[in-house]
Amino acid sequence: MFEPFSSGYYLGRLFVEPSHDETATMQRDQHERVNRQLYATDEGIESLDAPLVMKLGEKHLAVHGSSEVPEGTLAVPEETLDAIRIENPPTLSDVLLAKAEHARRLVSYGAV
């Protein structure tokens, strides 16, 4: 689903659709799988429900898991889609997923 892209990001393609929620979400099992594969350190017990940090357009999003979102889909609040200028959703879009260390930096800087 996601493959190495740069020193700070993985690249993936997801269907992006509008959501009435206040946060960005993706299918819960898929979220946990990506979290385990790309964010887990294998050191002790780790939470697999921590948000993933994704970049869509120029906007970084904290992405949570939801049982109501289809697999392969990123549900984004409507006002965020408008700001990013995603037209005619749902649409297949390139999505950048911040690598673990980069995600921690973005969160600590308040970018998410």
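No experiment lies behind these values; they were computed from the predicted model shown.
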Checklist line | Test log, rule side chain to side chain contact (heavy atoms under 4.5 Å, CB included), inputs R36 and H31 | finding: CA-CA 9 Å; R36 183 180 304 107; H31 179 275; over 6 Å; no
Margin query: Could you go through V76 and S19, starting from their C-alpha distance and side-chain angles, then the distance that decides it, and tell me whether this counts as side chain to side chain contact (heavy atoms under 4.5 Å, CB included)?
Written below: CA-CA 5 Å; V76 179; S19 166; 5.8 Å; no
Next item on the list: Dump the intermediate steps for salt bridge (charged side-chain N to carboxylate O under 4.0 Å, His left out) on E71 and R28, then the final yes or no.
Entry: CA-CA 8 Å; E71 189 159 337; R28 184 179 323 269; over 6 Å; no
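A heavy-atom distance below 4.5 Å is found between the side chains of F2 and M54. Within the 4.5 Å cutoff, no side-chain heavy atoms of Q27 are placed close to those of E32. Between L92 and L14 there is no side-chain heavy-atom pair separated by less than 4.5 Å. Taking the side chain as every heavy atom from C-beta outward, Y10 and L96 never approach each other to under 4.5 Å. Within the 4.5 Å cutoff, no side-chain heavy atoms of V53 are placed close to those of L61. Side-chain contact between P51 and V63: absent, with no pair of heavy atoms (C-beta onward) separated by less than 4.5 Å. Counting heavy atoms from C-beta on, the side chains of H20 and P77 never come closer than 4.5 Å.
L106 CG to E101 CD: the interatomic distance, rounded to the nearest 0.5 Å, is 10.5 Å. In this structure, NE2 on H64 lies 9.0 Å from OG1 on T25, to the nearest 0.5 angstrom. Taking CE of M26 as the reference point, atom CG of N35 lies at 10.0 Å (rounded to 0.5 Å). Here the straight-line distance linking atom CG of D29 with atom OG of S67 works out to 9.0 Å at 0.5 Å rounding. Note that the CG atom of L97 and the CG atom of L56 stand 12.5 Å from one another [nearest 0.5 Å].
Summarising the geometry of L74 relative to A24, their closest heavy-atom pair is CD1-CB, 4.4 Å, with the distance given to 0.1 Å. Minimum interatomic distance between H102 and G8 (heavy atoms only, all atoms of both residues): CD2-O, 3.5 Å. For S7 against K99, the heavy-atom pair with the smallest separation is O-CD, 3.6 Å. Considering all non-hydrogen atoms of both residues, E78 and P18 come closest at CG-CB, 3.6 Å.
When the side chains of ILVMFWY residues are joined at heavy-atom separations under 4.5 Å, either directly or via intervening members, F15 and I84 end up in two distinct hydrophobic clusters. Cluster annotation: F5 is connected to V95 through the hydrophobic network of ILVMFWY side chains, with a link wherever side-chain heavy atoms come within less than 4.5 Å. No chain of hydrophobic side-chain contacts below 4.5 Å, direct or via other Ile, Leu, Val, Met, Phe, Trp or Tyr residues, connects L52 to V69.
Between H60 and Y9, the ring planes lie parallel to each other; the angle is under 30°, not in the 30° to 60° tilted range.
Using a 4.0 Å cut-off between charged side-chain N and carboxylate O, E3 and R13 make no salt bridge.
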